[in-house]
Amino acid sequence: MTRLSAAALARLPAGVTKPAYDRKAVRTGIVHLGIGAFHRAHQAVYTEHALASGDLRWGILGASLRSPDTRDALNPQDGLYTVAVKGPGGTAMQVVGAIGSVLVAPEDPEALIRAMAHPHIRIVSLTVTEKGYCHDPATRRLKEDHPDIVHDLANPLVPRSAPGFLVAALERRFAAGLPPFTVLTCDNLPSNGKTVRNVVTRFAALRDPALGRRIEDAVAFPCTMVDRIVPATTDADRSAVAAALGTTDAWPVMTEPFSQWVIEDRFPQGRPDWAAAGAEMTDHVEPYEDMKLRLLNGSHSTLAYLGHLSGCETVADAMADEGISALVEGLMNEEVTPTLAVPPGADLAAYKRSLLERFRNPELRHRTWQIAMDGTQKLPQRLLGTARDRLKAGAPIERIALGVAAWMRYVSGTDEAGAPIDVRDPLAEELRRIAAEAGPAAERLAPALMRIESVFGTDLPADPRFTGPVTAALAALFAKGARTTVRETVARTARG
Ligand code: CS2
């Protein structure tokens, strides 16, 4: 079978959507840092719509800050790849042409800075995951002793981190008399634009206070809420796509029919008409971010840890467990919802119903292990903010406590059958050391993990209304296992 490429487009079967615009006439207007599956199934699809509508100023240059894998898959395909949308009625395929090519930053950092400083670039967008911003999740500030930050401050012309590249390129633009690009973060951080603005301006100020001030004054960092579930692509997915296309695609991306993008409309240098593709442009994104982070991602992490401990490979498998699905529903309705400022016009009940349906989508095969990754970067905005608001209101947090305890049980590194758990986390070393010292004893492990200040801050470990239920839930998980603990929690909380 031949490989997907510009030349192969003409031979694609009729049912496959493909670029109907002149790709050779496209100008690159966006550089995207972190060209993983999520960007390709989300923002790139909205931009594809703008290109297809005839505005050819918005081609995307993708950049990987770490591995060459995406470049190696996409460049031989002229940047083309397939988005496979898996719904109840079958799978719809679209070949997307918005990404012209991909470069690998560590191979040639200067090439990326030069590309970001090009006069045609108006937007630099990012999906570098939570840990890619090199910040402290509890305080949302730059982690000044992060090894990549230390490196980039000492070697500003050959950066490694996202803040390092952004500042190097902005500095170059200022020196050339060019307007700055808009920095568009599309990661699941709270107040993501503001958080990234703080991190980037602090990094710049450490290099040169005047540069920090200039970025603070001149650069727009709009907030965004991004939502689409995009599980990692498997070899079975590759085969299914090849069979449907009649040509091979080294890295198609798999996703669901649902897609949402809420964007703070602050783009001094212009933007594609993403609204025409369904994005919601607004002045206030934060209520949407909180709603999504706490309801979707908070539930996701809870499902991931409890599901994995219960032997469920995917989110849909975990949702098929009556206890786990009742717990998650209770978490959303009883503990999260009262903490939310509902965005104007949003129908929270319908939103929650759609989340449950999306989690149950059996076609997606979203692995609990994938979501369980990087817990130290995710828990603060997904569960701990909700816990703080509940405690402030004097309200109980039993289900949140079980979610947090399930993370603790998971990072103890051994599953309920005694097999090792492959814990992936930027703090994996520290987690391993803590778990080894504490052993499988909740009264030692829970307080030791809660001393990780970048996750729990200083307030939560000092509040017995938090430490009590978390330690009790962890003790139950060790003593009785996840399934029984979930069922007992559901029964107890239902009695009120
Ligand atoms: C997931 C998210 O992997 C994870 O941590 O919770 O990637 C989730 O699928 C997306 O935020 C959905 O929009």
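Just so you know, ligand 1 is whichever comes first in the structure, and atom 1 is the first atom listed for that ligand. We're numbering straight along the sequence, starting at 1.
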Looking at ligand 1, is there an atom of it that comes within less than 4.0 Å of some heavy atom belonging to M373? no
N188 heavy atoms within 4.0 Å reach ligand 1 at atoms 11 (O)
Nearest heavy atom to atom 5 (O) of ligand 1: which of Q377, H300, K378 does it belong to? K378
Pick from D374, L293, N297, D227: the one approaching atom 13 (O) of ligand 1 most closely through a non-hydrogen atom: D227
Between H42 and ligand 1, which residue portion shows a heavy-atom distance shorter than 4.0 Å: side chain, backbone, both, or neither? neither
Looking only at side-chain N and O atoms, does S161 offer a donor or acceptor that is under 3.5 Å from a partner on D152? yes
Within 45° cone of Y81 ring axis and under 6.0 Å: R40 NZ or CZ: yes
T195 side chain to P190 main-chain N or O, any donor-acceptor pair under 3.5 Å? yes
Is there a donor in the side chain of T185 and an acceptor in the side chain of Y133, or the other way round, less than 3.5 Å apart? yes
Within a distance under 4.0 Å of any heavy atom of H366, pick out the atoms of ligand 1 and give their elements. 9 (O)
Hey, is the main chain of A232 close enough, under 3.5 Å, to the side chain of Q370 for a donor-acceptor pair? yes
Between CG on residue D148 and SG on residue C134, distance to nearest 0.5 Å: 5.5 Å
Near K292, which atoms of ligand 1 are under 4.0 Å from a heavy atom of that residue? 10 (C), 11 (O), 12 (C), 13 (O)
